[in-house]
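Indexing begins at 1, ligand by ligand and atom by atom, following the structure's order.
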Amino acid sequence: MAVERTLSIIKPDATRRNLTGRIITKFEEAGLRIVASRRTRLSTAQAELFYGVHRERPFFRSLVDFMTSGPVVVQVLEGENAIAKNREVMGATNPANAAPGTIRKEFAESIEANSVHGSDAPETAANEIRFFFSGLDIVG
Ligand code: ATP
Ligand code: MG
């Protein structure tokens with residue numbers, strides 16, 4: 001296993017309910033280290049670009065509206081096998097299918113308002129980290 005970095009977003013449903021700290025604790029308890037962090041609010045253009053891969057999906061417009069509906073916390077997580085480990089800690093996209101103890105099982109409101117995003121592969125992780133952070137922002 002190698003040390004990896006992955007991009008995490010704490011989504012507007014979670015910031016609205018003041019769950020930032022409880023979600024970060026889940027990452028840290030899993031051995032993931034926060035090496036960059038910023039609270040921000042996505043513009044429509046940013047959300048459309050970030051989720052561009054889903055442009056043709058029926059839920060795209062609603063997803064962009066949701067992701068711009070309030071603040072998010074964008075973070076770079078670092079650790080052994082960080083990409084897969086983060087997705088394990090997050091749980092399944094649909095909270096109804098998420099395993100007990102996962103962030104989405106405990107906190108998600110719906111398949112859309114599912115509290116967190118995590119990169120799904122090394123190439124997307126590198127692109128998504130670059131989307132939000134410059135190298136100087138990341139301190140391991
Ligand atoms: P993310 O990319 O946010 O980490 P994911 O990889 O588990 O989540 P994707 O299939 O990439 O899931 O979908 C991106 C996001 O789009 C989901 O996290 C969710 O917010 C929303 N989404 C996915 N499927 C649906 C759906 N069927 N209806 C509504 N929203 C959806
Ligand atoms: Mg995804």
With heavy atoms of [X] as the reference, note each atom of ligand 1 found under 4.0 Å away.
{"X": "Lys11", "result": "3 (O), 17 (C), 18 (O), 20 (O)"}
{"X": "Gly118", "result": "4 (O)"}
{"X": "Arg104", "result": "1 (P), 3 (O), 4 (O), 7 (O), 8 (O), 18 (O)"}
{"X": "Arg87", "result": "4 (O), 5 (P), 6 (O), 7 (O)"}
{"X": "Met90", "result": "4 (O)"}

Among protein heavy atoms, which lies nearest [atom], and at what distance?
{"atom": "atom 2 (O) of ligand 1", "value": "His117 ND1, 3.0 Å"}
{"atom": "atom 7 (O) of ligand 1", "value": "Thr93 OG1, 2.5 Å"}
{"atom": "atom 20 (O) of ligand 1", "value": "Glu112 O, 2.8 Å"}
{"atom": "atom 19 (C) of ligand 1", "value": "Ile111 O, 3.2 Å"}
{"atom": "atom 29 (C) of ligand 1", "value": "Phe59 CB, 3.6 Å"}

Would you call the rings of His54 and Phe59 parallel, tilted or perpendicular, where under 30° means parallel and over 60° means perpendicular?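 Geometry flag for Phe59 against His54: tilted rings.
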Decide, yes or no, whether a salt bridge links Arg61 with Glu48 under the criterion of side-chain N to carboxylate O below 4.0 Å.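 A salt bridge is present here (some side-chain N lies under 4.0 Å from a carboxylate O).
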Electrostatic pair Glu106:Arg22 at N-O distance under 4.0 angstrom: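 Here Glu106 does not pair with Arg22 in a salt bridge, since their nearest N and O are not under 4.0 Å apart.
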Any idea which part of [X] is under 4.0 Å from ligand 1, heavy-atom wise: side chain, backbone, both or neither?
{"X": "Asn114", "result": "side chain"}
{"X": "Tyr51", "result": "side chain"}
{"X": "Met67", "result": "neither"}
{"X": "Leu63", "result": "side chain"}

Side-chain donor or acceptor of [X] paired with backbone N/O of [Y] under 3.5 Å:
{"X": "Glu4", "Y": "Ala82", "value": "yes"}
{"X": "Ser119", "Y": "Leu7", "value": "yes"}
{"X": "Lys26", "Y": "Gly101", "value": "yes"}
{"X": "Arg17", "Y": "Asp13", "value": "yes"}

Check whether [X] and [Y] end up in the same hydrophobic cluster, where Ile, Leu, Val, Met, Phe, Trp and Tyr are linked by side-chain heavy atoms less than 4.5 Å apart.
{"X": "Ile9", "Y": "Leu49", "value": "yes"}
{"X": "Leu19", "Y": "Leu32", "value": "yes"}
{"X": "Ile24", "Y": "Val72", "value": "no"}

Do ligand 1 and His54 have nitrogen or oxygen atoms that lie under 3.5 Å from each other?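 N/O-N/O distance under 3.5 Å: yes.
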